[in-house]
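Beneath this line is the structure, given in structure tokens, with notes to follow.
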Amino acid sequence: MEIKVIIGDITSIEADAIVVNLFEGVERPGGATGAVDKALDGAITKLIAQGEIKGKLSEISVIHSLGKLPARIVAVAGLGKQSDFTVDRIRSIVAEFCRSLRKLNCRQIATIVHGGGVGGIEPEIASQAITEGSLLGLYRFRKHITKEPENQDIEKLLIVERDAAKLPSLEQGYKKGKIIAEATNLARDLINEPANYMTPDDMAKSAQELAKTYGLDLTILDRGEMEKEGMGALLGVAQGSQKPPKFIILSYRGDTTSSKTLGFVGKSITFDSGGLDIKSSEAMAEMKGDMSGGAAVMAALSAIAQLKPKINVTAIVAATENLPGGNALKPGDVLTAINGKTIEVVNTDAEGRLTLADALGYAVKQGLSPLVDVATLTGACHIALGDICSGIFGNSQELVDKVIKAGDEAGEQLWQMPMYEEYKEQNKSEVADIKNSGGRWGGAITAAQFLAEFVDDTPWAHIDIAGTARSEKERGYSVKGATGVSVRTLVNFALASVK
Ligand code: BES
Ligand code: MN
Ligand code: ZN
């Protein structure tokens, strides 16, 4: 879909549909909505008076212009209560009306800048949110469907503004929104891909493509090199699979004058069967998505490379499958991680933390700081927080606060979980330095405590996206399937880290 910002009058736009808006409780719309109402001989005011249009959040009212305007359809998007209005609501509203209009077979649509007027949101921010909402909300993963979709894609979205002075900031917002939304959709594509199309090698190939397209540095370690590095924990997980693991290091260097490099680490189990502690078929069904963290950090780097902040960022993706087999890891096995710590494997399904132990340990060895990891780590986090927010943990409150703020700006909610010392007790092993599961209770926290053993004193934050990586239904700018969560948080965080 092509998006364009233009200066003009929404009432004279030739498109299949034009979109105006209404706050809840407004009886006589002003501004652009008022102008369209006038052109429609007061149809909007009438429908408000009759109680059909209420302006409730995400209410989409469709009015046929029947020749009174060049556009076939006028859609009135409800903005909800003005006092509750947020930037994230713009994303959701735009996503909702875009999908509604696609269903009505619209190919070209035009919208006013929601939030720009009485909403009081800066034009650049509003334009970015409109761009993100439309691109994210219209996303579909149809790669393996041979049948044509019932409704074609929307070809063009015009963002229409009257005031020519706002054009530069609207365009700026659009550009940023496009880069960030497309990166999120790239992560969604990688995650939605079935595990037979997204093996560790396929992840490495995707990284190669990104490196080539965006001029990123890329190093890929193979099994032999991982052995040399002493990545016994990661290799333990990988040994049950016929497919070789890939250790992917993707780097953006935007500040060659600085030796400081931010590190993003993403869990990348391209399929998690549980290993010998095999999952139930119900639990296993969605495990192609267990590389969502890896997809997020790779996609974030692709956006950062386009936005070009003066900063260095390295993404680390330790990609492997977790499968049972004749050579698979067995409960009771002891592994040695890159930092020399020994781990008793009490559950082969707690594999993510094993791979992250070596990925984080490697990041520390490379001097990356601060570190942010993103992982579909624990079912316990999904149970604790549902699918509304991700869990965040860390050893530096300052860093955790920064990541939460970056998420907030993106509409990606993060809830901090505790890291009390007392939880560490549950990870104690009698045969090794630590064991890879602290049991059922507080499972998301003990998993985070496990990871903390591999970051030394490096400031580190861990985001558990087990509940948020996948959406069960269409909701706002999330569609069913992969959400691409954390891409936008990481990008905002990187941009905010520029001195
Ligand atoms: N990949 C799973 C966690 C997960 C569950 C992600 C549901 C997305 C949705 C992880 O590897 C896992 O299996 N964790 C176990 C840990 C347990 C064995 C200590 C879990 O949460 O049950
Ligand atoms: Mn698992
Ligand atoms: Zn897993």
For a quick check under 3.5 Å, do [X] and [Y] share a side-chain donor-acceptor pair by atom type?
X	Y	answer
N312	D255	no
S471	S478	no
D290	T376	yes
Q242	E321	no
E124	S169	no
T468	S390	yes
T342	D433	yes

Could you give all pairs that pass the salt bridge (charged side-chain N to carboxylate O under 4.0 Å, His left out) test and reach residues 407-419, with sequence neighbours left out?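 As it turns out, the salt bridge (charged side-chain N to carboxylate O under 4.0 Å, His left out) pairs with a partner in residues 407-419, which skip direct neighbours, are K405-E409, E412-R488.
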What pairs meet the salt bridge (charged side-chain N to carboxylate O under 4.0 Å, His left out) rule with one or both residues in residues 77-86, with sequence neighbours excluded?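 Applying salt bridge (charged side-chain N to carboxylate O under 4.0 Å, His left out) to every pair that reaches into residues 77-86, excluding sequence neighbours, yields nothing.
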Does the pair L262 and L368 meet the rule for a side-chain contact (heavy atoms from CB on, under 4.5 Å), with working shown? CA-CA 6 Å; L262 240 166; L368 306 181; over 6 Å; no
Is a salt bridge present between [X] and [Y], judged by a nitrogen-to-oxygen distance below 4.0 Å?
X	Y	answer
K480	E474	no
R470	E472	yes
K267	E351	yes
E225	K228	no
K424	E421	yes

Check whether any side-chain heavy atom of [X] sits under 4.5 Å from a side-chain heavy atom of [Y], and report yes or no.
X	Y	answer
I343	L354	yes
F454	I338	no
T378	R353	yes
L235	L335	no
I248	I316	no
M298	L250	yes
L216	S251	no
I463	V372	yes

According to salt bridge (Lys or Arg N to Asp or Glu O under 4.0 Å), who are the partners of [X], at least two apart in sequence or on a separate chain?
X	result
K143	E193
E398	K402
D201	K205, K246
E229	K365

If only atom types and distance count, is the side chain of [X] paired as donor or acceptor with the main-chain N or O of [Y] below 3.5 Å?
X	Y	value
D333	L329	no
Q413	C389	no
S429	K435	no
D358	L234	yes
R99	G476	yes
Y252	A315	no
S241	A238	no
S396	L399	yes
S127	P123	no
D456	T458	no

Can you confirm whether R440 is buried at CZ, in the sense that more than 12 heavy atoms of other residues, nucleotides or ligands lie under 6.0 Å from that atom? no
Would you find more than 12 non-hydrogen atoms of other residues, nucleotides or ligands less than 6.0 Å from N196 atom CG?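 More than 12 within 6.0 Å, yes.
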Supply the atom-to-atom distance I90 CD1 to I121 CD1, rounded to the nearest 0.5 angstrom.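 So the CD1 of I90 and the CD1 of I121 are separated by 4.0 Å.
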How many angstroms lie between OG1 in T348 and CD1 in I278, if you round to the nearest 0.5 Å? 8.5 Å
Considering all heavy atoms, the nearest [X]-[Y] contact:
X	Y	value
S302	L210	CB-CD2, 4.1 Å
D202	Y197	OD2-O, 3.0 Å
L218	A211	CB-CB, 3.9 Å
H144	P194	NE2-CD, 3.6 Å
I465	S486	CG2-OG, 3.6 Å
G133	V94	C-CG1, 4.1 Å

On the 0 to 90° scale, with breaks at 30° and 60°, tag the Y362-F247 ring pair as parallel, tilted or perpendicular.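 Y362 vs F247 ring planes: perpendicular.
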Indicate the ring-plane relationship of W460 and H462, choosing parallel, tilted or perpendicular according to the 30° and 60° boundaries.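 Ring orientation of W460 relative to H462: parallel.
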Quick one: do Q397 and Q416 satisfy side-chain contact (heavy atoms from CB on, under 4.5 Å)? Show the steps, please. CA-CA 10 Å; Q397 193 56 42; Q416 188 177 1; 2.9 Å; yes
Can you tell me which residue among R91, K178, K176 is in a side chain to side chain donor-acceptor pair (under 3.5 Å) with E132? R91
Evaluate side-chain contact (heavy atoms from CB on, under 4.5 Å) for N192 paired with R142, printing each intermediate quantity in order. CA-CA 10 Å; N192 284 328; R142 299 189 45 86; over 6 Å; no
Can we call the ring centroids of F23 and F85 under 6.0 Å apart? yes
Measuring centre to centre across the rings, with the benzene-like ring taken for any Trp, is Y139 within less than 6.0 Å of Y477? no
Taking it one step at a time, do F393 and Q449 satisfy side-chain contact (heavy atoms from CB on, under 4.5 Å)? CA-CA 9 Å; F393 311 72; Q449 294 279 25; over 6 Å; no
